[in-house]
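Read through the structure below, which is laid out as structure tokens, and then see the notes.
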Amino acid sequence: MTAKIVGIGTCVPETVVTNDDLAKFVDTDDGWIRSRTGIRERRISKKEGTCELAAGAARRALAAAGVKPEELDIIILGTSTPDRNFPSDACSVQAAIGAANAVAFDISAACSGFIFALGIAQAFFQSGVYRTALIIGAETVSKVTDWSDRSTCVLFGDGAGAAVLKADERGLVDMTMGSDGTKGDILACTSRTLGNFLTGAGPKLGLMTMDGQAVFRFAVRKVPESIELLLERNGIKKEEIRYYVLHQANERIVEAAAKRLGEPMEKFPMTIDRYGNTSSASIPLLLDDMIGKDMLKTGDRIVISGFGAGMTWGAALLEW
Ligand code: UT7
């Protein structure tokens with residue numbers, strides 16, 4: 001048995017923030033952001049938390065799949081920006097959607113969260129422990145964004161995407177996941193603290209920091225490498241792949257990956273122009289967009305691939 005995606009749902013905050021909006025308070029401009037990243041606008045949360053977005057995406061995914069919340073065996077939510085340290089956002093989603101029979105927990109794999117959630121669900125499916133799962137990537141990155149740092153604040157957006165998985169004969173063909181903790185400092189966010197009464201250390205506001213070029217170099221090497229590995233190991237030629245659904249971090253990263261793979265850009269759909277980098281939500285947001293445009297047909301072979309802080313990465317070969 002393997003995991004098959006039977007429904008996708010997404011939810012983004014109402015508020016659209018354009019590049020011009022950002023240029024009002026940080027030294028940047030629309031031309032730079034568009035040409036260096038491909039981003040035109042992103043959604044930023046005014047009031048919606050990670051749980052609310054995640055629950056919204058979950059409800060839509062369940063409706064698309066025709067699955068009732070009580071049928072879910074497991075909910076795995078990938079996030080780096082949970083609303084609370086505990087309980088997990090997955091437990092909050094469980095309560096919000098009424099998935100009384102599911103076990104629910106969060107995982108921390110940054111932008112690879114959706115792919116890692118898929119990998120964990122797959123292991124449960126293969127072992128026969130569970131048969132119906134909800135995996136979610138949900139973020140409110142805006143709350144850990146340093147809005148005075150132009151090299152990071154223009155890149156990210158908030159949003160959530162969810163997929164309902166069912167045990168089936170076909171679906172997820174194979175996947176690969178990896179981590180390299182030695183590169184942890186190139187993209188990080190320390191936790192918030194009110195200080196330490198023993199040492200007298202003051203409060204600290206945990207904000208995201210990033211060495212953009214190091215992350216860029218890592219991604220353009222790792223993404224094609226993991227995809228090549230997956231295809232080779234399954235004896236699949238690139239011509240047999242209909243689409244490469246890559247984590248939406250930067251249009252130039254996607255273009256560089258396409259070039260290294262020797263594949264045409266038509267096979268690399270994108271949503272980065274509208275949503276920016278939504279971290280763990282970017283892959284389900286893109287899949288949902290493709291479904292809306294009727295781009296995916298039964299039997300299509302697609303690859304999904306992500307990378308993120310950790311550093312972490314993963315790729316999966318799916319038969320739609
Ligand atoms: O999910 C994973 C998350 N992170 C990523 O995927 C990030 C990967 N990295 C990137 O996408 C790119 O490295 C960035 C978009 C972050 C930066 O693009 P770049 O082409 O690597 O630019 P750079 O860092 O080399 O900066 C070039 C110039 C610098 O000015 P000087 O030193 O040449 O005068 C920056 O200060 O661009 C400047 N710059 C900006 N200018 C206007 C940096 N950010 C901005 C900005 N607006 N927002």
Side-chain angles (χ1 to χ4, degrees), residues 17-42 44 78-81 107-116 137-142 144-161 177-180 183-189 207-224 226 245-260 268 270-273 275-286 304-315:
V17 174
T18 65
N19 294 342
D20 287 337
D21 293 333
L22 295 179
K24 286 177 193 148
F25 63 86
V26 68
D27 182 16
T28 190
D29 59 83
D30 180 54
W32 191 96
I33 302 173
R34 275 190 203 222
S35 63
R36 298 289 179 119
T37 70
I39 300 167
R40 280 191 292 119
E41 59 188 41
R42 73 286 292 140
I44 299 292
T79 187
S80 301
T81 52
I107 57 156
S108 173
C111 306
S112 308
F114 184 78
I115 298 220
F116 277 30
E139 308 282 358
T140 40
V141 188
S142 58
V144 296
T145 300
D146 179 350
W147 291 102
S148 66
D149 175 11
R150 67 177 183 174
S151 67
T152 54
C153 77
V154 301
L155 302 175
F156 294 90
D158 300 333
M177 298 189 280
S179 312
D180 180 0
K183 292 193 173 58
D185 289 339
I186 65 175
L187 178 52
C189 179
L207 289 175
M208 179 176 21
T209 55
M210 179 176 78
D211 176 346
Q213 291 190 2
V215 176
F216 196 101
R217 282 195 299 274
F218 172 86
V220 299
R221 185 174 52 82
K222 211 52 170 174
V223 170
S226 52
V245 180
L246 305 193
H247 168 48
Q248 302 286 287
N250 186 323
E251 187 179 67
R252 289 190 296 136
I253 293 178
V254 178
E255 285 166 357
K259 199 168 164 202
R260 286 201 183 196
F268 295 79
M270 285 197 245
T271 51
I272 185 144
D273 56 328
Y275 297 128
N277 179 348
T278 54
S279 188
S280 64
S282 87
I283 290 173
L285 274 168
L286 178 50
I304 62 175
S305 158
F307 67 93
M311 294 301 282
T312 56
W313 65 91

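Note that this is a predicted model, so its numbers are computed, not measured. For ligands, and for the atoms within them, numbers begin at 1 and follow the listed sequence. Hydrogens, waters and symmetry mates play no part in the numbers below; they use all other heavy atoms, side chains included.
One side chain, Glu139 or Thr81, offers a donor N or O that lies under 3.5 Å from an acceptor on the other.
Scored by the ring pair (Phe, Tyr, Trp, His ring centres under 6.0 Å) test, Phe307 finds His247 as partners (sequence neighbours excluded).
The salt bridge (charged side-chain N to carboxylate O under 4.0 Å, His left out) contacts involving residues 210-221 comprise Arg221-Glu225, where partners must be two or more places apart or lie in separate chains.
Here the straight-line distance linking atom CD1 of Ile44 with atom CG of Asp158 works out to 4.5 Å at 0.5 Å rounding. Between the CG atom in Leu155 and the OG1 atom in Thr37 there is a gap of 6.5 Å [rounded to 0.5 Å].
Around ligand 1, the residues contributing at least one heavy atom under 4.0 Å from the ligand are Asp27, Thr28, Trp32, Arg36, Thr37, Cys111, Arg150, Ser151, Val154, Leu155, Phe156, Leu187, Met210, Gly212, Gln213, Val215, Phe216, His247, Ala249, Asn250, Arg252, Ile253, Asn277, Phe307.
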Which atom pairs, donor and acceptor, lie under 3.5 Å between side-chain atoms of residues 22-35 and protein residues at least two apart or in another chain?
| from | atom 1 | to | atom 2 | distance (Å) |
| --- | --- | --- | --- | --- |
| Lys24 | NZ | Asp21 | OD1 | 3.4 |
| Asp29 | OD1 | Gly31 | N | 3.1 |
| Asp29 | OD1 | Trp32 | N | 2.9 |
| Asp30 | OD1 | Asn19 | ND2 | 2.8 |
| Asp30 | OD1 | Arg34 | NE | 3.2 |
| Asp30 | OD2 | Arg34 | NE | 3.0 |
| Ser35 | OG | Gly31 | O | 2.9 |
| Ser35 | OG | Trp32 | O | 3.3 |

